[in-house]
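One structure is given below, encoded as structure tokens.
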Amino acid sequence: MSGLEIERKFLVKKGDAFKRAAFSCSHIKQGYIPCDNATVRIRLRKSDEKEEAFLTIKGQSVDGGLSRYEFEKEITMDEAENLLKLCRGGVIDKHRYLVKSGEHTFEVDEFHGDNDGLLMAEVELKNERDAFKKPDFIGPEVTGDRRFYNKHMLMYPFSLWRDTLPEEFR
């Protein structure tokens with residue numbers, strides 16, 4: 001898959017409302033290979049049904065973080081495990097829950113490790129004005145806020161700045 005990725009990010013309220021609403025859950029581990037002017041991500045995703053691995057290259061974001069070019073290719077688990085050895089700064093460890101809301105699917109990430117306690121949702125859009133219905137557990141928008149970029153959270157994990165968020169989001 002390649003093309004323009006348009007997405008918005010939101011904080012998620014504490015609790016398990018998103019888990020009750022989810023139709024799917026997977027465990028994700030991902031790392032980042034150093035690269036100037038792009039993000040190169042290696043991702044392993046495991047669910048009860050299957051194991052998958054992907055190489056993703058993302059361009060720099062535009063429109064205040066709303067959109068950017070994305071190239072993604074499925075790779076073998078062996079390739080991914082070897083490429084993860086080239087990553088710097090450790091890995092992001094999270095569970096991803098898929099929640100249908102109207103015509104869209106929200107991806108809700110529950111982070112672990114140094115980012116434990118952070119709940120964040122993303123919704124991919126067809127265009128910048130694409131209307132969507134937010135589930136009740138969705139909180140304030142954080143699109144474009146670098147603190148919430150997975151790659152950034154490797155260097156500056158949530159554990160260092162969690163107290164800057166309201167209690168219901170940490």
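Predicted model only: the values in this text are computed from it and were never measured. Residues take their numbers from the sequence shown, with the count starting at 1.
Rounding to the nearest 0.5 Å gives a distance of 8.5 Å between CG of Leu83 and OG1 of Thr76. Distance check: Ile33 CD1 to Arg41 CZ gives 12.0 Å after rounding to the nearest 0.5 Å. Rounded to the nearest 0.5 Å, atoms CZ (Arg43) and CZ (Arg45) are 6.5 Å apart. To the nearest 0.5 Å, atoms OG (Ser47) and CZ (Arg96) are separated by 12.5 Å.
A 4.5 Å side-chain heavy-atom check between Asn150 and Gln30 finds at least one atom pair inside the cut-off. Residues Met153 and Phe111 are in side-chain contact: their nearest non-hydrogen atoms beyond the backbone lie under 4.5 Å apart. A 4.5 Å side-chain heavy-atom check between Thr39 and Ile57 finds every atom pair outside the cut-off. Taking the side chain as every heavy atom from C-beta outward, His104 and Asp130 approach each other to under 4.5 Å.
For the pairing with Ser24, the side chain to side chain contact (heavy atoms under 4.5 Å, CB included) check across Leu98, Asp48, Thr105, Val99 returns one residue only, Leu98.
Contact between Cys35 and Lys151 at its shortest, heavy atoms only, is O-NZ, 4.3 Å. Contact between Lys13 and Asp136 at its shortest, heavy atoms only, is NZ-O, 3.3 Å. A pairwise comparison of heavy atoms in Tyr97 and Ala22 identifies CB-CB, 3.8 Å as the closest pair. In terms of heavy atoms, Gly139 sits closest to Lys134 at O-NZ, 4.2 Å.
Residues Leu125 and Leu4 share a single hydrophobic cluster, defined by chaining ILVMFWY side chains whose heavy atoms lie under 4.5 Å apart. In this structure, Val142 is a member of the same hydrophobic cluster as Ile92, with clusters built from ILVMFWY side-chain heavy atoms closer than 4.5 Å. No path of Ile, Leu, Val, Met, Phe, Trp and Tyr side chains, each step under 4.5 Å between heavy atoms, connects Met77 with Ile28, placing them in separate hydrophobic clusters. Phe71 and Leu86 fall within the same hydrophobic cluster, where Ile, Leu, Val, Met, Phe, Trp and Tyr residues are linked whenever their side-chain heavy atoms come under 4.5 Å apart, directly or through other members. One hydrophobic cluster, built from ILVMFWY side chains closer than 4.5 Å, holds both Val123 and Phe137.
A salt bridge links Glu110 with Lys19: the distance from a Lys NZ or Arg NE/NH1/NH2 to an Asp or Glu carboxylate oxygen falls below 4.0 Å. The pair Lys46-Glu52 does not count as a salt bridge, with every side-chain nitrogen at least 4.0 angstrom from each carboxylate oxygen. Look at Glu141 and Arg8 and you find a salt bridge, because one of the NZ, NE, NH1 or NH2 atoms lies within 4.0 Å of a carboxylate O, short of that distance.
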Under 3.5 Å, sequence neighbours excluded: what are the donor-acceptor pairs made by side chains of residues 114-121?
unit_1: Asn115; atom_1: OD1; unit_2: Phe158; atom_2: N; d: 2.7

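Side-chain atoms of Thr143 do not come within 3.5 Å of backbone N or O of Gly65 as any donor-acceptor pair.
Relative orientation of the Phe10 and Phe106 rings is tilted, given thresholds of 30° and 60° on the angle between their planes.
For Arg147, the salt bridge (charged side-chain N to carboxylate O under 4.0 Å, His left out) test picks out Asp145, with sequence neighbours left out. For Glu5, the side chain to side chain contact (heavy atoms under 4.5 Å, CB included) test picks out Glu7, Lys58, Arg68, Glu70, Glu124, with sequence neighbours left out.
Phe169 has its ring centre no less than 6.0 Å from the ring centre of Trp161.
Crowding of Lys133 atom NZ: a count of heavy atoms from other residues, nucleotides or ligands under 6.0 Å not exceeding 12.
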